[in-house]
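All remarks here apply to the structure that follows.
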Amino acid sequence: MNGDKSNARDSAPPVRDSGAVSWRVRGILLMLLVAVAATVWVTNRLLTDRFTQSTRNRAELRLALYSGNLLSELRRNAIVPQLLARDPTLIAALQSNDFSLSTQRLISFVEEIGAASLMLLDQDGRTVAATDRNRIGEQHRTTPNFIEAIRSNATIFNVIARESGGYSFSYSRKIESNGELLGVIVVEVDLQKFERAWAGISDAVLVTDSTGTIILSTEPRWRGLHEEEALQRQTPQGAIERAIRATAGWTALPADAYLKGEAVIRMENRIPFRGWQMTSFTTYASVRERVNGVLALEIMGFAILLALVFYALSRKTALRMALFQRESAELRALNSRLQREIAERERVQETLAVAEQTLEQSSKLAALGEMSAAVSHELNQPLAAMKTYLAGARLLLRRNRPEEALSSFGRIDDLIERMGAITRQLKSYARKGADAFSPVNMGDALAASLAMMEPQLRHRQVKITQILPDTPVLVMGDRMRIEQVMVNLLRNALDATKTVADPEVEIILAAGETATLNVRDNGDGIEDFDALFEPFYTTKRPGDGVGLGLAISSGIVNDHGGRLTARNGQHGGAVFEMRLPILEGGIEAAE
């Protein structure tokens, strides 16, 4: 017993010493952590101040460089209109109206000058020569760069908003000879190249005019706005915005502005040109990267020191190993699940490929069915007319009237030719080739269509009223396809008047800005406008039609650049209106 007590007394002091050592180690670790935190905080503060100022200086230098480049480009192009306005070749071209070599001369100038484009306008504001040949013939009589140029004796600079977005910048100056106005030379300045150059930098840059409107920017959505509106458009709201803005507290200097909720350095520089001003927004990202690089080294050093301390004091290596083994087992199980998922995805992809092939085959069958229905519909009318003419020819031969029978055979021959043209046209749908358009007299096409519908009109005894202009109405198109549309509209009008006691069809052909053909009937009108031009939609009884006439007609009119519409008349019935671009100047102009 005494020996046991002695052993207990001997073992007690080491336990107390171990506890004291433990508290001592904890105190040292706590002091080390405090020192680490203080060192990191002081380092972050000092380096942030230094790198923020350095970033601001570089941003200011970049802004001055961008402003100088922009001003240099504007001044370099400002002298070009004055020089070109004195060019004897351009003056001679305007006096003689011979511009065959003017475009090539402007192209040679633009390669040396570096401008975006050059345009030569005559005294009426029409483009007679341009480096972009697609712009020859454009009218600029009402544009500011033409009006202001002819009113002034100096070079005029204009900023014009484009319909597609953004702005165009141009210098213009009138060209005179002996006090007589000959035209205007327009030099477009390519300032968008600066936007393309700025797109590769991390700063946000914008240029505003004297009214504060943004005309150049690295953000296309900012153009046309004021700076406050642009920044508000890019600023997120809610908790995310507050969290991002909280990072501004890491910097020693207050934020100049917020872009997308992030604190940025705002720099501005006035451009000595028409009150323009350039503004840039630089984020603190580069500051944080450089500061974080130094802090990472400090933290890494302290982390290594702490790791050594913890490694020396660690008594749970076995537990960690068990934990690692368990995590390794979980990773292996996860890997197996991923492999199973990959195999399942591959099977799904194979099934999807089979389904796609099936769908493709179904689409082909549907296209074949639609084409067969279209052929049946388009050939039905000529076949019906041929049947009527054959019956008439047979009757005329029996009555010993061969001359009139030969006339019917001639019409049958025309219908056979028309059927061949329809089949060739339906084949061309699959090739999607360009149509060979030629001038078409709408009056002649209407007369041919009525001649084709003559048997149905004679059988039904429908009152046809035609209102035609005195002069020919010419359009550019495919006469066969235009007649096809007219025949479809006339046949629909006849079908719509089957239930009417006194059927009437009114045809009005007019010429204005467009060639307009109206076909009116006194039938029951239209009920469903939404599905009217859809394929296979019809209100006829089975066997009378497949519902492709209006769908094909609408496609033909669209191919000719026109529009086919329908409405109900004020006094009942339906009105179909076909509008096609009119051919100005007649056949001679078309040639």
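In terms of the salt bridge (Lys or Arg N to Asp or Glu O under 4.0 Å) criterion, R563 has no residue partners (sequence neighbours excluded). In terms of the side chain to side chain contact (heavy atoms under 4.5 Å, CB included) criterion, residue partners of A129 (sequence neighbours excluded) are, by chain and number, S102, T103, L106, L120. Residues meeting the side chain to side chain contact (heavy atoms under 4.5 Å, CB included) test with S96, sequence neighbours left out: D98. For R398, the side chain to side chain contact (heavy atoms under 4.5 Å, CB included) test picks out R394, with sequence neighbours left out. Partners of A496 by side chain to side chain contact (heavy atoms under 4.5 Å, CB included), not counting sequence neighbours, listed by chain and number: D521. Listed by chain and residue number, R520 satisfy the salt bridge (Lys or Arg N to Asp or Glu O under 4.0 Å) test with E506 (two or more places apart in sequence, or in another chain). The salt bridge (Lys or Arg N to Asp or Glu O under 4.0 Å) check on R401 picks up E404, with sequence neighbours excluded. For Q466, there are no side chain to side chain donor-acceptor pair (under 3.5 Å) partners two or more places apart in sequence or in a different chain.
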- Item | L490/L450 under side-chain contact (heavy atoms from CB on, under 4.5 Å): CA gap, chis, key distance, verdict | CA-CA 8 Å; L490 291 172; L450 288 172; 3.7 Å; yes
- Message: With side-chain hydrogen bond (donor to acceptor under 3.5 Å, both in side chains) as the criterion, how do N488 and S553 come out once you've worked through the C-alpha distance, each side chain's angles and the decisive distance to 0.1 Å?
- Response: CA-CA 7 Å; N488 284 335; S553 299; 3.0 Å; yes
Listing, residues 165-172 side-chain donor-acceptor contacts under 3.5 Å, not counting sequence neighbours, or none:
from	atom 1	to	atom 2	distance (Å)
S168	OG	I160	O	3.3
Y171	OH	L74	O	2.9
S172	OG	N145	O	2.7

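Here the closest non-hydrogen pair linking S217 and W222 is OG-CE3, 3.2 Å. Here the shortest heavy-atom pairing between A493 and V519 reads CB-CG1, 4.0 Å. For the pair N158 and I156, the tightest heavy-atom approach, listed with the atom from each and the gap, is ND2-CG2, 3.4 Å. Of all non-hydrogen atoms in H560 and L580, the two that sit nearest each other are CB-CD2, 3.8 Å. Contact between R141 and F146 at its shortest, heavy atoms only, is O-CD2, 3.5 Å. Smallest separation of non-hydrogen atoms from V440 and G477: CG2-O, 3.5 Å.
At a threshold of 4.0 Å, the pair E229-R221 does not count as salt-bridged, since none of the basic side-chain nitrogens sits closer than that to a carboxylate oxygen. The pair D502-K463 does not count as a salt bridge, with every side-chain nitrogen at least 4.0 angstrom from each carboxylate oxygen. With salt bridges taken as basic N to acidic carboxylate O contacts below 4.0 Å, none links D524 and K498.
Side-chain contact between I507 and N518 is absent, with no heavy-atom pair separated by less than 4.5 Å. Residues T497 and E504 are not in side-chain contact: their nearest non-hydrogen atoms beyond the backbone lie 4.5 Å or more apart. Proximity of L101 to F99: side-chain heavy atoms (C-beta onward) are nowhere separated by under 4.5 Å. Looking only at side-chain heavy atoms (C-beta outward), F194 and T218 stay at 4.5 Å or farther from each other. In this structure the side chain of V505 never reaches within 4.5 angstrom of the side chain of T465, judged on heavy atoms. Looking only at side-chain heavy atoms (C-beta outward), R135 and H140 come within less than 4.5 Å of each other. A 4.5 Å side-chain heavy-atom check between Q192 and D190 finds at least one atom pair inside the cut-off. The closest side-chain heavy-atom distance from M578 to M442 is below 4.5 Å.
Side chain of H226 to backbone of T208: no donor-acceptor contact under 3.5 angstrom is found. Distance alone, capped at 3.5 Å, places no donor-acceptor pair between the S554 side chain and the L564 backbone. Using modelled atom types, one side-chain atom of R173 and one backbone atom of N153 make a donor-acceptor pair closer than 3.5 Å. With hydrogens and angles disregarded, a donor-acceptor distance shorter than 3.5 Å links the side chain of S449 to the backbone of A445.
Contacts classified as side-chain hydrogen bond (donor to acceptor under 3.5 Å, both in side chains) and involving residues 76-95 (residues at least two apart or in different chains) are given here: E73-R76, E73-N77, D87-R105, Q95-S177. Applying the salt bridge (charged side-chain N to carboxylate O under 4.0 Å, His left out) definition to pairs two or more places apart or across chains, those involving residues 176-186 are K174-E176. Among pairs with a residue in residues 568-581, those fulfilling side-chain hydrogen bond (donor to acceptor under 3.5 Å, both in side chains) read T514-R579, T516-R579, E577-R579, at least two apart in sequence or across chains.
Ring pair F409/Y389: centre-to-centre distance not below 6.0 Å.
With values rounded to the nearest 0.5 angstrom, N441 atom CG is found 10.0 Å from L446 atom CG. Taken from CG in L90 to CG in L182, the straight-line distance is 10.5 Å, to the nearest 0.5 Å. One finds the OG1 atom of T127 at 7.5 Å from the CD atom of Q139 (value rounded to the nearest 0.5 Å).
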